[in-house]
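Structure below; questions to follow.
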Amino acid sequence: MKSAPFTYCRPASVTEACALLAADEDARLIAGGQTLVPMMAMRLARPTALIDIARIPELAFVRREGDHIEIGAATRQAFAEANATVALDLPLLARALPWIGHSAIRNRGTIGGSIANADPAAEIPLVLATLGGAVVVQTPRGRERFAARDFFLGPMTTAIPADGCLVEAHFPVWTHQRIGACFTEISARHGDFAYVSAAAQVALDDNGSCVACALGVGGATAQPTQLAVDLTGARINETTAREKLSVAIETLDMMTDPHASPAYRKRAALALALRALLAARDEALAKRART
Amino acid sequence: MNAPRAFRYISTDRRVREDRRFVVGKGKYIADIAAEAMLHVALVPSQHAAARIVSIDASRALALPGVHGVVDGAELAAACEPLMNGLDTPHVQRYPLAVGATRYMGEWVAAVVAETRAIAEDAAERVDIVYEALPHVIDAEEAYKSSSTPVHPAHGSNVLLDRVFNWGDVDEHFAASDSQLSLRVTWGRNATVPIETFGVLAQWDPWGAVLDVNASIQMPKYADQIARALRLPMNGVRVHYDVDVGGSYGVKRGIKHSVLTGYLARKLNRPVRLLEDRLENMRSGDAHGPERIFDIDVAFNSDGVINSMKMRALDNAGAYAGRAPFQLGKPIGAIVGPYRIKSVHYHAISVTTNKAVEEAVRGFGQSPTNYAIEAMVDRVAEAVGVDRIEVRRRNLIRSDEFPYLIPSGTRYDSGDYHTVVDKVLTHVNWPELVAERDRLRDEGLMAGIGVAACLEPSGGNSSFEPLLNPKNTTTTWMESCRINIDALGDINVAIHTTSSGQGHETLVATAVGEALEIDPARIRVTRPDSLSSLPGNSPVGSRMAIMLGGAAFKAAEKLKDKFRAIGAHRFGCAVDAVNYCDGNLSHGEQSLKWLDVVAIAHRHFHELPPGAEPGLEASFIMQTPTGEALPTPDGRVQMYPCHSFEFHIVLVVIDPELGKPDLRRYVIGHDCGVVINPHIVKGMTLGGIAHGIGAALLEEFVYDADGQMMSQSFMDYLLPSASEIPHVEIVHHCTPSPLTVFGQKGSGESGYLGAPAAVSGAINDAVRALGIRFEKLPIRTTAISDAIAEAKLKGRLP
Ligand SMILES: Cc1cc2nc3c(=O)[nH]c(=O)nc-3n(C[C@H](O)[C@H](O)[C@H](O)COP(=O)(O)OP(=O)(O)OC[C@H]3O[C@@H](n4cnc5c(N)ncnc54)[C@H](O)[C@@H]3O)c2cc1C
């Protein structure tokens with residue numbers, strides 16, 4: 001488990017990183033290395049050169065920008081997990097981050113690395129897809145913004161061009177008074193990639209009626225999937241929610257692997273999405289209505 | 001009766017002395033040992049389940065700077081003897097590298113030696129091998145058919161062992177019983193998978209003509225096997241025992257690695273080290289455990305009393321013979337578990353397949369057998385409609401029946417099973433536990449309680465060797481200890497083996513301290529190399545508390561006799577009139593202090609009794625308390641001497657949709673006789689339970705139908721982590737063994753021997769109402785959910 005030989009460089013800026021990438025088609029960016037290093041150790045990935053972006057200052061930040069929060073690609077997952085802005089304005093991301101592996105992994109793993117890696121079971125991409133966020137990719141030709149739904153193309157495949165570096169992720173911020181969020185998943189062991197994960201964020205009005213609702217499932221399908229379920233305009237009750245979720249999940253094309261059958265994934269997706277939704281609703285209900 | 005004696009140091013709350021160096025990171029593991037100018041090995045694995053090796057071309061590898069050599073199986077076969085087989089199967093030959101054909105995916109075809117491990121891996125990719133795929137067989141039942149493709153054509157079939165034993169009047173007992181039932185349960189292929197993979201460093205000294213070997217080894221007859229394979233005299237192999245082994249529980253056998261590395265070191269005349277990486281360990285290290293299908297017929301009365309059992313055990317040994325088939329032999333010594341089953345028919349079958357080679361794993365086949373027995377007892381309880389604990393009580397051997405002779409010829413030393421069961425039931429508050437399970441069920445969860453009672457045979461002799469291989473007539477499996485009191489009166493104890501976490505230094509210091517009445521903290525324990533060692537058989541078979549503890553105690557007793565002789569000479573009295581207390585001697589008003597005796601022995605020959613040797617040294621080579629007789633022609637044998645008992649109770653809650661089992665409560669009653677160090681026994685028990693939970697729910701080396709291994713790393717071979725292991729409550733009991741020096745029994749396999757049965761029993765209790773039964777381990781979350789969903793679809797809802 002020693003990687004094939006490679007060269008290593010640490011550029012000072014994204015522009016420089018993109019130029020290096022463009023110059024060598026077998027070069028790879030490395031951020032936290034929590035996916036890439038094991039792949040290299042098993043020689044499943046064999047880049048000729050590693051371009052380390054983990055310490056580029058312009059890539060590490062969390063900031064509020066209008067109706068969303070922008071997170072720099074090289075921001076460590078652990079940093080975001082402990083960040084007050086994330087905790088306050090992105091409750092769904094805050095709930096999702098602790099599910100990623102173990103804390104040692106989150107200390108090194110980055111927000112951008114997880115998104116660029118696009119594992120179907122990864123938590124951060126699911127949050128991005130569920131909330132309908134976007135990412136910004138820089139190439140030698142400039143910067144381009146992709147909506148999440150146009151970005152995740154399949155397992156470990158994204159819209160990033162060969163000479164592109166993901167620089168920012170944009171997570172929409174909800175400004176409603178009564179918001180609840182829940183992230184949950186099932187795996188064989190704590191810290192494993194999920195067989196299926198589910199994310200839910202809801203906003204309720206003073207009467208408890210749903211005014212906004214975002215739902216998604218991960219691990220089940222080839223890319224994180226935002227569920228097309230509209231529950232706005234009424235209180236969320238379990239029976240109708242289950243019906244609508246069943247319909248939405250029934251149409252999804254489930255993955256199969258030795259660990260979990262498509263039937264399992266479908267069953268778990270429904271169960272988890274419903275649990276996440278109801279937990280999010282209950283959290284929102286527990287918040288005080290304006291009097 | 002049988003009350004434990006009072007001790008000074010034994011059983012007291014004393015630190016495990018090894019722990020200090022481990023917790024500060026100062027253990028000396030094989031990867032910490034480097035030699036000057038050392039070279040590194042990487043292996044070229046086969047990608048085929050079975051293939052003929054058409055050609056091997058190493059020229060591109062050898063052209064790489066830093067590469068010192070590439071060897072293949074043909075070269076080794078010419079220069080070495082085949083590795084030792086347990087059974088008399090001369091045509092199932094194994095060498096460290098594949099010779100002519102490869103027989104499982106991952107098998108090593110060539111070894112590359114280079115300046116660094118990274119260069120060796122680069123070069124390994126450049127060894128060009130042409131294969132011609134051959135037919136393969138993966139499934140054990142398939143392999144057992146005479147029509148199957150033999151993994152070793154020269155052997156003629158895949159059958160390594162196919163033996164039927166009949167102990168007692170099985171037919172008569174079946175005919176006389178009220179009912180009978182049949183079941184099949186399957187134990188999945190798992191192992192111990194230690195954090196530290198296997199590693200070995202070999203150095204050849206051409207001037208001394210000695211091969212020096214450092215290895216993370218836990219292997220009986222290790223030096224012998226290397227010497228034989230490399231055609232060296234045994235005094236030409238020096239194994240260093242002062243290497244800390246980072247986990248083993250059976251699998252650190254590394255014999256093929258060691259022979260290969262020794263060969264390379266001699267050939268290249270450079271120190272050579274081979275450290276398996278995780279892939280090499282998991283797919284090619286020949287360190288998988290038993291994989292076994294049990295078919296059982298059981299005959300019982302309507303009250304649940306079990307009269308007789310027919311068990312067929314089919315074990316998938318993988319591609320080579322090794323010692324795997326013996327893992328069907330050891331359980332013969334506890335084939336009826338803790339129960340009074342009157343007769344047994346046992347059909348033991350071991351077959352070769354195109355899977356990695358099976359090695360010893362904690363319990364040496366006993367845990368799978370215990371799982372099968374306990375699944376059977378649960379089925380009997382269900383059939384007669386009697387509570388599972390009550391059925392066990394009706395069958396458990398009573399304390400007044402010991403020593404108890406079981407049908408297969410082994411005498412159990414001692415036990416008090418009913419009392420342990422009572423203590424555990426009181427501890428858990430059984431009625432309350434049942435009520436809690438029912439409450440959880442009312443909440444819509446699936447809750448179940450698992451129960452398992454089983455034995456840990458301990459004190460490892462090797463009686464299964466002559467039993468299964470008539471050419472093997474071994475009747476001793478000794479262990480030894482040597483004590484030397486130096487010229488300043490300090491105590492040095494030598495042991496002659498490596499340790500893989502068992503705490504032998506603590507064990508030996510405690511035993512010697514107890515005998516000499518001296519604080520164990522003052523006793524140094526060392527490990528000379530194999531050339532300076534007395535004979536021994538390594539820490540397997542849950543034997544060291546009994547065997548090494550016994551040898552240490554007896555050596556100390558011999559030393560005390562020397563003390564007394566010196567005192568008698570000085571005092572002018574008989575030897576047994578000399579009083580030994582705290583290391584000092586007295587007779588009436590006369591006395592000799594420890595240091596006075598040391599001075600006489602080391603400096604005052606004129607004060608020694610006539611004929612006495614100067615100095616203060618004693619050694620003891622201990623024979624196992626049993627195993628000195630060959631098996632009877634009808635296959636009865638005294639297997640291990642001592643029998644520890646454990647009784648598990650588990651409460652599990654299953655999420656009915658997601659299928660995930662959550663172990664809410666885990667209680668074990670444990671009786672391993674007199675405990676020498678409570679911390680060590682506790683650690684063994686907790687670790688064993690974790691291991692057993694892994695075997696029950698998570699761990700499996702999976703192969704697909706093409707013989708490709710699907711779980712080659714920790715991504716897919718799932719070990720339980722701290723999050724999956726519940727808090728474990730241990731209820732102690734002590735029934736001393738009459739066969740050992742302190743009354744101790746073994747505990748190195750505790751927990752693991754009953755946990756798989758208990759956990760699977762709990763899951764089956766939880767899903768019973770749905771008409772579901774899981775009869776194959778591991779029981780995966782997704783499989784539980786799928787089965788529940790299917791049952792609900794079929795309308796089997798309660
Ligand atoms: C034991 C273990 C358990 C884990 N469990 C989970 C889990 O449960 N859930 C989960 O989501 N993840 C899990 N991970 C993965 C972890 O979250 C990784 O950190 C993450 O997937 C990749 O982030 P990284 O910064 O480490 O990226 P790297 O490993 O450095 O890179 C991953 C890939 O992304 C590319 N890349 C990185 N940054 C950029 C960028 N800015 N622009 C373009 N391409 C880029 C790299 O070239 C590479 O191809 C686990 C990892 C381990 C080792």
Side-chain angles (χ1 to χ4, degrees), chain A residues 1-6 34-35 38-44 46 48 98-99 101-105 119 121 184-198 219-220 242 245-246 249 254-276, chain B residues 40 42 64 114 116-122 124-125 197 275-282 655-662 693-694 697-700 702-704 708 710-725 778 780-790 792-793:
Chain A
M1 284 208 190
K2 303 285 181 206
S3 62
F6 61 88
Q34 295 304 289
T35 297
M39 298 275 286
M40 289 172 64
M42 289 195 266
R43 298 193 175 214
L44 297 171
R46 23 200 338 146
T48 50
W99 288 97
H102 305 271
S103 57
I105 290 152
D119 190 295
T184 184
E185 62 184 45
I186 177 76
S187 58
R189 299 174 304 178
H190 172 77
D192 282 352
F193 275 105
Y195 298 145
V196 175
S197 49
R242 180 189 290 276
L245 282 169
S246 306
I249 287 167
M254 296 288 162
M255 292 193 298
T256 182
D257 62 35
H259 295 294
S261 62
Y264 179 83
R265 288 200 152 90
K266 203 160 268 188
R267 190 180 318 122
L270 176 58
L272 290 170
L274 187 62
R275 289 180 202 184
Chain B
H40 301 261
L64 208 63
T116 66
R117 167 77 193 200
I119 296 174
E121 286 192 28
D122 292 344
E125 293 183 328
T197 57
L275 294 181
E276 286 178 334
D277 68 14
R278 188 59 61 189
L279 292 173
E280 285 163 351
N281 176 262
M282 305 267 282
D655 181 314
E657 289 173 303
L658 304 175
K660 185 146 181 172
D662 176 18
I693 290 171
L697 301 177
L698 295 165
E699 300 180 41
E700 188 178 15
V702 179
Y703 286 80
D704 71 8
Q708 294 297 309
M710 311 302 283
S711 42
Q712 300 185 35
S713 78
F714 289 145
M715 280 284 280
D716 298 298
Y717 186 93
L718 305 182
L719 290 168
S721 73
S723 312
E724 281 69 51
I725 304 304
R780 294 199 174 80
T781 288
T782 49
I784 295 174
S785 168
D786 287 350
I788 293 172
E790 198 198 351
K792 285 184 176 169
L793 252 184

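Proteins get letters first, then strands, A, B, ... in listed order; numbering begins at 1 in each.
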* Structure fact -> When the 4.5 angstrom heavy-atom criterion is applied to E280(B) and chain A, the contacting part is neither
* **Residue R117(B) versus chain A: region with a heavy atom under 4.5 Å** => both
* Which atom of T782(B) lies closest to which atom of A260(A), heavy atoms considered -> CG2-CB, 3.8 Å
* How many angstroms lie between atom CG of D192(A) and atom OG of S723(B), to the nearest 0.5 angstrom? -> 9.5 Å
* Structure fact -> Closest non-hydrogen contact found for P258(A) with M710(B) is CG-CE, 4.3 Å
* **Which atom of E121(B) lies closest to which atom of M1(A), heavy atoms considered** => OE2-N, 2.5 Å
* **Between OG on residue S785(B) and CZ on residue R265(A), distance to nearest 0.5 Å** => 12.0 Å
* Part of L698(B) within contact of chain A (heavy atom distance under 4.5 Å) -> side chain
* Are E125(B) and R46(A) side-chain neighbours, meaning at least one heavy-atom pair lies under 4.5 Å? -> yes
* Sort D655(B) into side chain, backbone, both or neither according to what part of it lies under 4.5 angstrom from a heavy atom of chain A. => side chain
* In Å, rounded to the nearest 0.5 Å, how long is the span from CD of Q712(B) to CE of M42(A)? -> 9.0 Å
* To do: Go through D716(B), L697(B), V702(B) and name the one with the most non-hydrogen pairs under 4.5 angstrom from chain A.
  => D716(B)
* State plainly whether the residues R267(A) and D786(B) are in salt-bridge range, i.e. N to O under 4.0 Å. => yes
* For the side chain of R189(A) and the backbone of L719(B), is there at least one donor-acceptor N/O pair under 3.5 Å apart? -> yes
* To do: Look only at the side chain of T781(B) and the backbone of A188(A), and say whether a donor-acceptor pair between them is shorter than 3.5 Å.
  => no
* To do: Could you tell me which of P5(A), P38(A), A4(A) has the largest number of non-hydrogen atom pairs under 4.5 Å with chain B?
  => P5(A)
* **Y195(A) OH to K660(B) NZ distance, which is reported to the nearest 0.5 Å** => 8.0 Å
* Give, as side chain, backbone, both or neither, the part of E724(B) having an atom under 4.5 angstrom from any heavy atom of chain A. => side chain
* **Side chain proximity check, L658(B) to R275(A), heavy atoms < 4.5 angstrom** => yes
